[in-house]
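Positions are given from 1 along the sequence. We use all heavy atoms of the structure for the numbers below, so side chains are in, but hydrogens, waters and symmetry mates are not.
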Amino acid sequence: MNNNYNIRLVVEPDMPKIQILAVETFFESFNDGAKSEDIQLYLQNEMSYQNLISEFNAKESSFIVIEDDKTKVLIGYMKINMISSYWGIHESNNNLLEIERIYILSDYQSHGLGLKLIEFAKKFAKLQNINTMVLSVYDKNKRGLSFYEKNGFKVVTEHNFLLGKDNRNCLVMECNI
């Protein structure tokens, strides 16, 4: 496996590849224990090209991609949002950075790439004078929960997440930068 990766902001011509990557990584992440019809319903609504383009064009949001330097294959992405409140956490002037999505293809996991995306998000936040990052993680995603805790995130509350028709419990995590 190549050790040279490039992390950069997504540009609009990347979006067809981001949509494919979003569907593939979401499916990899949720195919254990979730009903296929719930995954399909979610993917059709949330990961459609039209929805992703709408998110891409939102001024408070940014997509970041990690690609193989040599092959230019997209192997992971992150979506971040500059917001002022998140499940009971409030800051003024869009002073929170939400990591809404962070996904890496399974073949590339456990190689420090998630950490590289988190570090990118922290630098991005600092440049925007944001001192707090927030995210949600499915409470049964022990690997994700452990990863976030190792990187300074702490559980502060919880909320429900609708995956298709399946109501799941998610933990809200916060990290001061």
Side-chain angles (χ1 to χ4, degrees), residues 10 18-19 21-48 51-52 54-56 58 60-66 75-92 94-106 108-110 112-122 124-125 128 130-177:
V10 169
I18 292 295
Q19 197 260 336
L21 182 64
V23 168
E24 186 174 353
T25 55
F26 188 87
F27 184 79
E28 285 179 349
S29 297
F30 286 93
N31 69 354
D32 277 350
K35 294 178 185 173
S36 62
E37 57 267 20
D38 287 329
I39 292 174
Q40 288 303 322
L41 184 61
Y42 184 85
L43 292 175
Q44 288 170 356
N45 293 329
E46 300 298 323
M47 300 294 182
S48 70
N51 191 61
L52 290 174
S54 176
E55 291 178 352
F56 174 80
E60 71 278 358
S61 299
S62 295
F63 283 76
I64 294 91
V65 68
I66 186 163
I75 56 177
Y77 83 102
M78 174 173 60
K79 180 186 177 220
I80 55 177
N81 304 304
M82 292 180 287
I83 57 176
S84 59
S85 66
Y86 188 77
W87 299 106
I89 302 167
H90 301 284
E91 292 287 337
S92 60
N94 284 353
N95 222 10
L96 295 171
L97 185 77
E98 174 197 15
I99 298 177
E100 183 178 343
R101 295 184 202 119
I102 182 169
Y103 291 109
I104 296 172
L105 290 169
S106 60
Y108 294 88
Q109 291 178 5
S110 300
L113 301 177
L115 176 59
K116 289 182 185 298
L117 287 172
I118 294 288
E119 289 170 348
F120 185 98
K122 286 180 180 180
F124 184 94
Q128 305 299 321
I130 295 173
N131 297 316
T132 305
M133 294 193 322
V134 293
L135 58 82
S136 293
V137 61
Y138 180 41
D139 66 355
K140 295 196 177 14
N141 180 354
K142 300 305 178 195
R143 185 175 182 185
L145 183 58
S146 174
F147 169 76
Y148 295 126
E149 286 174 335
K150 285 179 192 172
N151 287 288
F153 286 86
K154 295 183 179 9
V155 175
V156 293
T157 190
E158 56 188 63
H159 70 89
N160 290 326
F161 169 73
L162 198 58
L163 177 62
K165 295 178 181 176
D166 183 20
N167 200 9
R168 293 176 167 227
N169 189 56
C170 288
L171 303 174
V172 175
M173 302 185 83
E174 175 182 57
C175 176
N176 293 318
I177 307 168

Please walk me through it: do Val134 and Val156 pass side-chain contact (heavy atoms from CB on, under 4.5 Å)?
CA-CA 10 Å; Val134 293; Val156 293; over 6 Å; no
Is there a side-chain contact (heavy atoms from CB on, under 4.5 Å) between Ile80 and Met133? Walk through the geometry before answering.
CA-CA 10 Å; Ile80 55 177; Met133 294 193 322; over 6 Å; no
Given Ile104 and Leu117, is the side-chain contact (heavy atoms from CB on, under 4.5 Å) satisfied, shown in steps?
CA-CA 10 Å; Ile104 296 172; Leu117 287 172; 4.2 Å; yes
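Here the closest heavy-atom approach between residue Leu21 and residue Ile75 is recorded as CD1-C, 4.1 Å. Across all their heavy atoms, Asn151 and Lys122 have their closest contact at O-NZ, 3.5 Å. Of all heavy-atom pairs spanning Val172 and Ser136, the tightest one is CG2-OG, 3.9 Å. When all heavy atoms of Gly144 and Val137 are compared, the closest pair comes out as C-CG2, 4.3 Å. Here the closest heavy-atom approach between residue Ile83 and residue Ser85 is recorded as CD1-O, 3.4 Å. Looking at every heavy atom in both residues, Ala121 comes nearest to Ile99 through CB-CD1, 4.2 Å.
Side-chain contact annotation: Tyr77 with Thr25, donor-acceptor N/O pair under 3.5 Å absent.
A heavy-atom distance below 4.5 Å is found between the side chains of Ile130 and Met82. Residues Leu115 and Lys150 have side chains not in contact (no heavy-atom distance under 4.5 Å, counting atoms from C-beta outward). For the pair Ile64/Phe124, no side-chain contact is recorded, criterion being any heavy-atom separation below 4.5 Å from C-beta on. Counting heavy atoms from C-beta on, the side chains of Glu60 and Ser84 never come closer than 4.5 Å.
In this structure, NZ in Lys142 is found 9.0 Å from CD in Glu149, a value given to the nearest 0.5 Å. Put simply, CG on Leu163 and CG on Leu43 are 8.5 Å apart, with the number rounded to the nearest 0.5 Å.
Among Glu100, Arg101, Met78, the single residue meeting the side chain to side chain contact (heavy atoms under 4.5 Å, CB included) criterion with Phe63 is Arg101.
Distance alone, capped at 3.5 Å, is enough to place a donor-acceptor pair between the Asn51 side chain and the Glu46 backbone. Counting only distance, with no hydrogens or angles, the side chain of Tyr103 and the backbone of Glu28 share no donor-acceptor pair below 3.5 Å.
In this view, Gln19 satisfies the side-chain hydrogen bond (donor to acceptor under 3.5 Å, both in side chains) rule with no residue, not counting sequence neighbours. Under the ring-ring contact (aromatic ring centres under 6.0 Å, His included) criterion, Tyr148 pairs with Phe153, sequence neighbours left out.
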